[in-house]
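Before any comments, here is the structure.
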Amino acid sequence: MSSAVLVVLVVLVVLAGLAVGLYNGLVRRRNQVDAAWSQIEVQLKRRLDLIPNLVETVKGSAGFERGALEAVVSARSAAMQASPDPAAQARADGALSGALRQLFALSEAYPDLKSNANYLGLQEELSTTESRLAAARPFYTDAVLAYSTAIQSFPGVLVASAFGFTARAHYDAEPAADAPPQVRF
């Protein structure tokens, strides 16, 4: 075997090793994105599961605001039916968060509701869930950023395009979700 053939073989082995390493790195980053999104989904589901109990507790208290309850129920239903992609989930999440803020703002007007232990417990659980969601979002954003950078930069772009690695959506909260609730009596 000539030295030229040996050099070509060594170069091919090195290139194959780099390609395998790049591929494995992309798979690892894609799995990190999926794991981070899974954490968000768990908290979104937990929140959706708590809402019926909250609505029933508010209904059971004297004097409740029917419109606020209907908004929460409607937003929950929309969130449950939303597409599983992060953009659709973010829109549904924003609408639900706004409806919940409005419902919680109503508790100030109803002392019976404000002193109801079940209501306070559910409010605390929802608050904890919101905190967990807030903590999970940056991990997802960081994972998507690392993955996107890996599939868009050289030489990862070569492996990504060859094996069908595609970009993932960010979880961007809707601007309306940041608006204060409108409470009318």
Side-chain angles (χ1 to χ4, degrees), residues 29-110 112-114 116-148 164-185:
R29 290 183 189 280
R30 183 178 58 196
N31 290 341
Q32 287 172 337
V33 169
D34 292 343
W37 177 247
S38 174
Q39 292 301 312
I40 290 175
E41 283 183 318
V42 165
Q43 297 309 319
L44 290 173
K45 174 143 180 30
R46 182 174 189 266
R47 181 171 64 174
L48 290 174
D49 291 345
L50 289 170
I51 289 172
N53 294 331
L54 179 69
V55 168
E56 288 304 315
T57 299
V58 172
K59 279 183 182 177
S61 295
F64 63 88
E65 195 73 20
R66 185 171 187 84
L69 287 177
E70 289 171 356
V72 169
V73 170
S74 175
R76 178 183 183 267
S77 176
M80 290 178 72
Q81 296 171 0
S83 169
D85 77 280
Q89 285 291 324
R91 284 190 297 276
D93 180 39
L96 184 56
S97 292
L100 285 170
R101 280 195 303 271
Q102 185 174 358
L103 184 64
F104 289 143
L106 286 173
S107 70
E108 298 298 320
Y110 298 107
D112 291 346
L113 183 60
K114 198 173 176 181
N116 183 313
N118 287 338
Y119 176 80
L120 293 174
L122 288 167
Q123 187 176 19
E124 179 62 31
E125 284 189 53
L126 281 167
S127 177
T128 300
T129 301
E130 293 295 330
S131 295
R132 290 177 182 167
L133 270 170
R137 286 181 188 124
F139 289 112
Y140 177 75
T141 300
D142 291 345
V144 169
L145 176 63
Y147 174 72
S148 296
F165 288 88
T166 57
R168 295 294 179 94
H170 286 275
Y171 186 88
D172 296 321
E174 288 292 300
D178 296 331
Q182 299 294 320
V183 179
R184 294 182 185 94
F185 298 101

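In what follows, residues are counted from 1 in the order of the sequence shown. These figures come from a predicted structure and were not determined experimentally.
To the nearest 0.5 Å, atom CG of residue Leu50 and atom CG of residue Leu126 are 5.0 Å apart. Distance CG/Leu48 to CD/Glu41: 11.0 Å, rounded to 0.5 Å. To the nearest 0.5 Å, atoms CZ (Arg76) and CG (Leu100) are separated by 11.0 Å. Here the straight-line distance linking atom OH of Tyr147 with atom CD of Gln32 works out to 11.5 Å at 0.5 Å rounding. One distance of note links OG of Ser38 with NZ of Lys45; it measures 12.5 Å at 0.5 Å rounding. For the atom pair Glu130 CD and Gln123 CD, the distance stands at 11.5 Å (nearest 0.5 Å).
Shortest non-hydrogen contact noted between His170 and Leu145 is CE1-N, 4.3 Å. Nearest heavy-atom pair across Ala136 and Ile40 is CB-CG1, 3.8 Å. For the pair Ala92 and Ala79, the tightest heavy-atom approach, listed with the atom from each and the gap, is CB-CA, 3.6 Å. Scanning all heavy atoms of the two residues, the minimum distance from Ala75 to Ala99 falls at CB-CB, 4.1 Å. Across all their heavy atoms, Gln43 and Arg132 have their closest contact at OE1-CD, 3.3 Å. Considering all non-hydrogen atoms of both residues, Ala36 and Ala143 come closest at CB-CB, 4.3 Å.
Judged by distance alone, the side chain of Gln89 and the main-chain N or O of Ser83 form a donor-acceptor pair under 3.5 Å. Looking only at distances, a side-chain donor or acceptor of Thr128 sits under 3.5 Å from a matching main-chain atom of Glu124. Panel note: side chain Ser74, backbone Glu70; no donor-acceptor pair is recorded below 3.5 Å.
By the 4.5 Å heavy-atom criterion applied to side chains, Arg30 and Asp34 are counted as neighbours. Residues Ile51 and Leu96 meet the side-chain proximity criterion, which asks for heavy atoms closer than 4.5 Å. Within the 4.5 Å cutoff, side-chain heavy atoms of Asp93 are placed close to those of Arg137. Looking at heavy atoms from C-beta onward, Pro84 lies out of side-chain contact with Trp37 at the 4.5 angstrom threshold.
When only modelled atom types and interatomic distance are considered, Ser97 and Arg47 share a side-chain donor-acceptor pair under 3.5 Å.
Contact check on Arg168 versus Asp85 returns no salt bridge, with no Lys/Arg side-chain nitrogen under 4.0 Å from an Asp/Glu carboxylate oxygen.
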